[in-house]
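Here is the structure we will look at, set down as structure tokens.
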Amino acid sequence: MAQKVGLYCFTTDLRLHDQPALAKAVGEVDELICLYCRPHAWDQHSSKMTAPLSTPRQTFLNQSIAELDQQLAQLNQCLWIADNDQATLQSLITTSGVTDVYISQQFGWFERQVWQTLRQDMPQLHIHEIGTHTLFDQSNLPFEIEAMPRGFSGVRGKLEKATHNAPIVKITTLPPPPKQQSIQPGLSAVDKSIGSTANHTSPEHQFVGGELSGLKHLADYLASGAASTYKQTRNALHGTHYSSKFSPWLANGNLSVRQVVADLKQYEASHGANESTYWIYVELLWREYFQWYAMRHGEKLYQFAGAQNKSLDYQNRSDLIDSWIQGQTDHPLVNACMTELRLTGFLSNRGRQIVASCLVNELEQDWRYGAAYLEQALIDYDVATNWGNWQYIAGAGPTTVNKRHFNLDKQVAQFDPQQQYTNYWLEHNVMPPNND
Ligand SMILES: Cc1cc2nc3c(=O)[nH]c(=O)nc-3n(C[C@H](O)[C@H](O)[C@H](O)COP(=O)(O)OP(=O)(O)OC[C@H]3O[C@@H](n4cnc5c(N)ncnc54)[C@H](O)[C@@H]3O)c2cc1C
């Protein structure tokens, strides 16, 4: 029988645990090429982006890739890197005799187009797209995507009654790479020093990319007991365990969301379930909601008027957008949040809501500049969650709710009354040396 040659394209699934797409490839092919497809050219989501990925985001990604490469090497495989573009993929598929391509289900419209075009151009090729990013598989969602309830509460109500898949076991063997595999145009091997640069670390910014760091962070967070008080602390602006900080690893697929929920349930079994532990699950349902929202609305995720073609106003002042990005607005709390974001690639949910509301309401600018900047800056950038949350705050979201306006004076009084957070970041607006 003819050999089956598989191509596994890693995207936002940089891990070996709970990897149903890779597990399928393992069960089906004789030889396997492992490829990391770089995020789609950043200027495609919107013309609003002004620079490539930030150093913190690129560093976290590099650490994740380096660790995956090492894990694959232990299974006698190797990782290649390529841009997620047609020409490179088609040339690799043709010259290597690839019969089957495996990829995690994609939620961004532009990311999906790559595979859609490949399907059309290479009809003989088997492309297997399998869900790895969400709790629920599309096939066992309790609604059709086209008939998805508009708002979160409708989706939450249905998902809370539904059962999702359990995580599957870790991949421990892989088919070998093709014997004749050679470097092709557009492909590069992983540079072994790629993961050696570190991001800004502090007790509250312990973000190192990769599956092992992600699993360790999950275990440490649960061992700290902070899950039992999450609901009371989740709105804070700073601190070590005010929220789970799972997002960077979830967004890059270093952590499987099903693994997170399985471990959370175990925590509940041994420490007791309460409103807080349940609320972490509710937040993960928000994440779930935005993934299916992105799937449902396709290109509209990036459009100013949003999914419902809302009528919204804005000014067009690049100086105001720049002042927001640089943390030089008239609002110290906003400036502090933007500084934390710029230097670390992370910001609390409260901080994100505050800066987004300021851009939309106080500065009255097009929300897509904000979404594009966060795409570039966030170590936990997730296409559906980022663009979906921005639409929601800008009033371009799924429901009839208008823009969300956070009163900045009230936010200061409630969340930074002594201005400790604000002063800290305004004083530290230069990147400190790494690993200080
Ligand atoms: C303007 C804006 C942009 C955002 N962009 C992103 C993004 O690109 N990537 C990202 O992961 N999150 C994004 N969020 C959502 C949220 O701010 C982060 O997920 C959260 O702050 C991450 O910290 P955590 O892991 O400690 O969250 P926790 O509070 O501990 O929540 C646990 C998990 O639930 C999910 N979650 C929490 N809040 C939300 C939410 N509002 N929407 C969807 N899922 C949520 C995340 O996966 C998170 O890791 C954005 C929010 C806003 C307002």
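In what follows, residues are counted from 1 in the order of the sequence shown. Just follow the structure's listing: the first ligand is 1, and inside any ligand the first atom is 1.
- Annotation: Leu374 places no N or O atom under 3.5 Å from an N or O atom of ligand 1; distance criterion only.
- Under the 30°/60° scheme for interplanar angles, the aromatic rings of Tyr302 and Phe110 are found to be tilted.
- Judged by the shortest distance from any of its heavy atoms, Phe346 lies inside the 4.0 Å radius around the atoms of ligand 1.
- Closest to atom 47 (O) of ligand 1, if we only count protein heavy atoms, is Arg287 CD, 3.3 Å.
- Among Phe246, Trp390, Tyr281, Trp367, the residue whose heavy atom lies closest to atom 25 (O) of ligand 1 is Phe246.
- When the options Tyr230, Trp286, Tyr242 are ranked by their closest heavy atom to atom 31 (O) of ligand 1, first place goes to Tyr230.
- Contact check for Leu174 versus Leu32: side-chain heavy atoms found under the 4.5 Å cut-off.
- A salt bridge links Arg258 and Asp137; the closest N-O separation between the charged side-chain nitrogens and carboxylate oxygens is under 4.0 Å.
- Taking distance alone, with nitrogen or oxygen atoms compared against 3.5 Å, Ser244 approaches ligand 1 more closely than that limit.
- Inclusion of Asp380 in the set of residues having an N or O under 3.5 Å from an N or O of ligand 1 is warranted.
- Here the side chains of Leu61 and Asn252 are in contact, with some heavy-atom distance below 4.5 Å.
- When Asn386, Ile354, Leu347, Asn349 are checked for heavy-atom proximity to atom 3 (C) of ligand 1, Asn386 turns out nearest.
- Looking from atom 24 (P) of ligand 1 to the surrounding protein, the closest heavy atom is Lys245 N, 3.4 Å.
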(request) Evaluate side chain to side chain contact (heavy atoms under 4.5 Å, CB included) for Thr134 paired with Trp292, printing each intermediate quantity in order. (result) CA-CA 9 Å; Thr134 45; Trp292 301 114; 3.6 Å; yes
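- Nearest protein heavy-atom neighbour of atom 43 (C) of ligand 1: Thr385 CG2, 3.3 Å.
- Per-residue contacts place Phe290 under 4.0 angstrom from the following atoms of ligand 1 (heavy atoms of the residue considered): 42 (N), 43 (C).
- Distances between N or O atoms of Asp382 and those of ligand 1 include at least one value under 3.5 Å.
- Between Trp80 and Tyr8, the gap from one ring centroid to the other reaches at least 6.0 Å.
- Of the heavy atoms in Tyr289, none comes closer than 4.0 Å to ligand 1.
- Here the heavy atom of the protein found nearest to atom 39 (C) of ligand 1 is Glu283 OE1, 3.7 Å.
- His205 is listed as a side-chain neighbour of Glu340, based on a closest heavy-atom distance under 4.5 Å.
- Between Tyr381 and ligand 1, a contact under 3.5 Å exists for no N or O pair.
- With a 4.5 Å cut-off on side-chain heavy atoms, Asp69 and Lys192 count as touching.
- Under a 4.0 Å criterion applied to the non-hydrogen atoms of Leu250, ligand 1 contributes the atoms 47 (O), 49 (O).
- Comment: Asp313 does not engage Lys403 in a salt bridge, judged by the lack of any side-chain N to carboxylate O separation of less than 4.0 angstrom.
- Between His164 and Tyr281, the two ring planes are tilted [angle within 30° to 60°].
- Note on ring orientation: taking the six-membered ring where Trp is involved, the planes of His133 and Phe107 are tilted (angle from 30° to 60°).
- At under 3.5 Å, a nitrogen or oxygen of Ser247, whether backbone or side chain, sits near a nitrogen or oxygen of ligand 1.
- Residue contacts with ligand 1: Asn389 is placed with a nitrogen or oxygen under 3.5 Å of a nitrogen or oxygen of the ligand (distance criterion only).
- Here the heavy atom of the protein found nearest to atom 33 (C) of ligand 1 is Leu284 CD2, 3.6 Å.
- Considering backbone and side-chain atoms alike, Ser243 places an N or O below 3.5 Å from some N or O of ligand 1.
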(message) Before you tell me yes or no, could you show the steps for Leu159 and Leu135 under side chain to side chain contact (heavy atoms under 4.5 Å, CB included), namely the whole-Å CA-CA distance, both residues' side-chain angles and the distance that decides it to 0.1 Å?
(response) CA-CA 10 Å; Leu159 292 183; Leu135 264 177; over 6 Å; no
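- For atom 13 (C) of ligand 1, the closest non-hydrogen atom on the protein side is Arg352 NH1, 3.2 Å.
- Ring centroids of Phe152 and Tyr289 are separated by less than 6.0 Å, placing the two rings close together.
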